[in-house]
Amino acid sequence: MPLLLRLYLAFAAVSAPFWRLVLWIRQRQGREDPRRGREKLGHASQSRPEGVLLWFHAVSVGEAQALVTLLDRLTAAHGDLNILLTTHTTASAEALERRGLPRRVIHQFAPADYPGALNRFMAHWRPDALIVAEADLWPLMLRKARRAGLPMVLINTHVTERRYRRRRRMVATNGALMDLFDRILVQDAESMARYRDLGAPAAKMSVMGVLKAASDPLPDRPEARALLEAQIAGRPVWLAASTKSVEEPQLMQAQALALEVLPDLLFLIAPRKPAEADGTEAAARAHFPAEAIARRSRGEPITAATRVYIADTIGEMGLWYRLAPVAYTGNSLRVPGVTLTGKNPFEAVALGALVLHGPDTGNFAEAYARLKAAGGALEVADAAAMARAVVAAQDPAFRAPYLAGAARVQAENQHPLEVSLKAMEAVLDGLLDGRPASR
């Protein structure tokens, strides 16, 4: 066992007071749900259903949302199958509650990575298999699952440049953890090469594509949408989705420039972290008076004076995409001294919005390359280019070829879902006849 992993496990064995203190502090700060905090200490808040139970684990909102379509297909195909979905963040719980989980899918907060919490969790839930989404590798959790004899699959995982540099310092530990899985499904060939360089077992890895690209469209909120459409009253609209605070000044500048051409243009902006919306509002106030800015979280309506509407809520992204014919998929404008990494564009594509993006799409370069090859997205270099594109994209004739190209790419996107479903079927087949998950 690598030395770093030995040291971590030694700390984990005595870390219960540390975890309790951290969770207590976070609860005092309003960063934990006081009604469900005990779940993170391994105390379940729901009963275990009878029958086979697959345990899926994801970090937060994006990773969990990417699983929903897969979980829906699995439970629809197997009427006796139950699924436990664990995440870490309150934002993920809120988003999943607002979206609604498929039948027979239970959400719980993941147990802290120390023996007491994990022992209580495992004793109560008695999962039959563990499927980890993306790259949330908690050493003690994975080792306990392996020692319990659970089939283990890592799906939809990828390696960002930042993660690659960080894990280069602990290749042996990374390799030991990834070798605990029976099968590893990575998003792209570059990630597979990086993982191999980080010590992951090549024989267990294969490329599956990006699971979110095959997800069903984000859910609608028809009543809320009808109310907002009445308030918008046919005005031209654009959206910036999942934005980072460092790029928001450029987005406000783009809106100010576009208003010179379209004086009644409405800008919807949904920051990636709603808790940082005060910064979004500050960026807006650098260009617009207070009466031109409204916030969803304060219940403020869109009026004729509104030029910037800050959508600082969780779980409503499907609503915003349906309201705007053109969407900047955030985290990709070039910011001096900062490397942004892009956002998956397929949520926008699935709901018929023309995708605008900046040049820094690092984590999703392959997805944007596919869209570019099909003429399905428009790259903008800066605020001025963004403003020109937003104005032009209000014309349906301008959007049409981009939407057609994006639709062609979307039609090819079922492969990741099909691969994931086959992997899960292999796990279920193995459970029935006592074999480990097939490769």
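For reference, positions follow the sequence shown, starting with 1.
The side-chain heavy atoms of Leu177 and Leu180, taken from C-beta on, include a pair separated by under 4.5 Å. Looking only at side-chain heavy atoms (C-beta outward), Thr361 and Thr329 stay at 4.5 Å or farther from each other. With a 4.5 Å cut-off on side-chain heavy atoms, Val186 and Tyr195 count as touching. Looking at heavy atoms from C-beta onward, Pro416 lies out of side-chain contact with Asn156 at the 4.5 angstrom threshold. Leu154 places none of its side-chain heavy atoms less than 4.5 Å from the side chain of Leu185. Here the side chains of Met386 and Leu356 are in contact, with some heavy-atom distance below 4.5 Å. At least one side-chain heavy atom of Val153 sits under 4.5 Å from a side-chain heavy atom of Val427. Counting only heavy atoms from C-beta outward, the side chains of Leu85 and Ile106 never approach each other to under 4.5 Å.
Residues meeting the ring pair (Phe, Tyr, Trp, His ring centres under 6.0 Å) test with Phe109, sequence neighbours left out: His107. For Thr341, the side-chain contact (heavy atoms from CB on, under 4.5 Å) criterion is met by Asn331, Asn363, not counting sequence neighbours. Residues satisfying the ring pair (Phe, Tyr, Trp, His ring centres under 6.0 Å) criterion with Tyr164, sequence neighbours excluded, are absent altogether.
For the residue pair His357 and Ser332, no side-chain donor N or O sits within less than 3.5 Å of a side-chain acceptor on the partner. For the residue pair Asn174/Arg167, the side-chain donor-acceptor check at 3.5 Å is satisfied. A donor-acceptor contact closer than 3.5 angstrom links the side chains of Asp188 and Ser191. Checking Gln108 against Ser45 by side-chain atom types alone, a donor-acceptor pair falls below 3.5 Å.
Using a 4.0 Å cut-off between charged side-chain N and carboxylate O, Arg307 and Asp264 make no salt bridge. Using a 4.0 Å cut-off between a side-chain N of Lys or Arg and a carboxylate O of Asp or Glu, Glu366 and Arg370 do not qualify as a salt bridge.
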Donor-acceptor contacts under 3.5 Å from residues 95-102 side chains, at least two apart:
from: Arg98; atom 1: NE; to: Ile314; atom 2: O; distance (Å): 2.7
from: Arg99; atom 1: NH1; to: Gln65; atom 2: OE1; distance (Å): 2.7

Can you give me every donor-acceptor pair (side chain of residues 373-382, partner residue at least two apart or in another chain, under 3.5 Å) with its distance?
from: Asp382; atom 1: OD1; to: Ala384; atom 2: N; distance (Å): 3.3
from: Asp382; atom 1: OD1; to: Ala385; atom 2: N; distance (Å): 2.9

Please list, one pair per line, the donor and acceptor atoms closer than 3.5 Å that link side chains of residues 114-121 to other protein atoms, with sequence neighbours excluded.
from: Tyr114; atom 1: OH; to: Arg120; atom 2: NH2; distance (Å): 3.3
from: Asn119; atom 1: OD1; to: Lys144; atom 2: NZ; distance (Å): 2.9
from: Asn119; atom 1: ND2; to: Pro115; atom 2: O; distance (Å): 3.1
from: Arg120; atom 1: NE; to: Leu41; atom 2: O; distance (Å): 2.9
from: Arg120; atom 1: NH2; to: Leu41; atom 2: O; distance (Å): 2.8

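Sorted by first and then second residue, the salt bridge (Lys or Arg N to Asp or Glu O under 4.0 Å) pairs with a member in residues 228-253 read Arg225-Glu229; sequence neighbours excluded. For residues 342-358, every residue pair satisfying the salt bridge (Lys or Arg N to Asp or Glu O under 4.0 Å) rule, not counting sequence neighbours, is listed here: Lys212-Glu347, Lys343-Glu347. Residue pairs meeting the salt bridge (Lys or Arg N to Asp or Glu O under 4.0 Å) criterion with at least one partner in residues 268-291, sequence neighbours excluded, are Asp278-Arg295, Glu281-Arg285, Glu281-Arg295, Glu281-Arg298. Applying the salt bridge (Lys or Arg N to Asp or Glu O under 4.0 Å) test to residues at least two apart or on different chains, the pairs with a partner in residues 14-34 are Arg26-Glu32, Glu32-Lys40, Asp33-Arg35. Screening residues 377-420 for ring-ring contact (aromatic ring centres under 6.0 Å, His included) gives Phe398-Tyr402 as the qualifying pairs, with residues at least two apart or on separate chains. For the ring-ring contact (aromatic ring centres under 6.0 Å, His included) condition, the pairs that include at least one residue of residues 242-289, sequence neighbours left out, are Trp238-Phe267.
Formation of a donor-acceptor pair under 3.5 Å by the Thr160 side chain with backbone atoms of Arg163 is found in this model.
Considering OG1 of Thr90 and CD of Glu94, their distance stands at 5.0 Å, rounded to 0.5 Å. Here Phe56 contributes atom CZ and Ile83 contributes atom CD1; the two are 5.0 Å apart, rounded to the nearest 0.5 Å.
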